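Only one structure is covered here, and it is reproduced in the block below.
The structure presented is a predicted model; accordingly, all values stated were derived computationally and were not measured.
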Amino acid sequence: MKLVVALHVDGTQANVAAAAFDAWDSPEATKTYFSRIAEFGKPVRGALDLRELPCVLQLLGEHKLEPELIVIDGFVHLDADDTPGVGQQLFEALGGKVAIVGLSKKSLPGLSAQFEVMREEESPPLIVTSVGIDIGAAKVRVRSMHGRKRVPTLVKLAARLAKNKD
């Protein structure tokens with residue numbers, strides 16, 4: 001099982017959701033998961049924002065999930081020198097047993113075109129970073145994900161679920 005995870009912050013609380021899938025080109029999740037985070041602190045100024053990390057770990061623990069791979073909205077590495085981002089921290093927190101693929105609609109100054117994936121000709125590229133899976137393989141898999149637009153269907157689904165307030 002693979003998961004796409006999304007976080008939505010609402011003041012001092014947050015929601016984290018996941019869409020499970022088996023095939024990269026799957027148009028639908030095999031199952032979805034949701035957890036509410038009662039206390040979501042403010043970011044520490046000047047430090048890497050790792051507030052998403054305990055939220056994802058809570059979701060995995062609450063639902064007893066053991067995915068082989070997690071797709072996050074964010075960066076595994078912050079530059080081509082592999083400066084750790086939240087994805088690398090998640091990989092380490094999971095004992096290096098779960099591959100992490102980071103997707104972002106925005107680039108960072110230290111990330112070159114080698115991290116870009118074009119999913120639609122006239123759209124800006126997605127930025128893909130990874131750990132536990134080769135970057136080339138991660139890019140091919142992201143490109144093959146279902147959806148005619150820039151952002152894959154299951155990534156949109158996880159984001160929608162995380163915004164759910166019910």
* Asp73 side chain near Leu7 side chain, heavy-atom distance below 4.5 Å -> no
* Find out whether Val117 and Arg119 are in side-chain contact, i.e. whether some heavy atom of one side chain is under 4.5 Å from a heavy atom of the other. => yes
* Asked: Are side-chain N/O atoms of Gln58 and Ser35 paired as donor and acceptor at under 3.5 Å?
  -> no
* To do: State, to 0.1 Å, how close Leu126 and Pro152 come at their nearest heavy-atom pair, and which atoms those are.
  => CD1-CD, 4.0 Å
* Can you establish whether the number of heavy atoms outside Gln114 located under 6.0 Å from its atom CD is more than 12? => yes
* Whether His8 side chain and Ala17 backbone form a donor-acceptor pair below 3.5 Å -> no
* Work out which heavy atom in Pro84 is nearest to a heavy atom in Gln89; give both atom names and the distance. => CB-NE2, 3.8 Å
* Is a side-chain N or O of Thr12 found less than 3.5 angstrom from the main chain of Phe40, in a donor-acceptor match? -> no
* Glu116 versus Ile127: any side-chain heavy-atom pair under 4.5 Å? -> yes
For residues 23-32, which side-chain N or O atoms pair as donor and acceptor with protein atoms under 3.5 Å away, sequence neighbours left out?
unit_1, atom_1, unit_2, atom_2, d
Ser26, OG, Glu28, N, 3.4
Ser26, OG, Glu28, O, 2.7
Thr30, OG1, Ala20, O, 3.2

* To do: List the steps, then state whether side-chain contact (heavy atoms from CB on, under 4.5 Å) holds for Val101 with Val128.
  => CA-CA 7 Å; Val101 174; Val128 177; 4.0 Å; yes
* Structure fact -> Heavy-atom nearest pair, Tyr33 first then Met1, reads OH-SD, 4.4 Å
* Side chains of Leu157 and Val4: does their closest heavy-atom pair fall under 4.5 Å? -> no
* Asked: Under the 3.5 angstrom rule, does the side chain of Asp10 hit a backbone N or O of Asn15 as a donor-acceptor pair?
  -> no
* Answer yes if Leu57 and Val71 sit in the same cluster of Ile, Leu, Val, Met, Phe, Trp and Tyr residues linked by side chain heavy atoms under 4.5 Å apart, and no otherwise. => yes
* Short question: side chain of Ser130, backbone of Ile133 - any donor-acceptor pair under 3.5 Å? -> yes
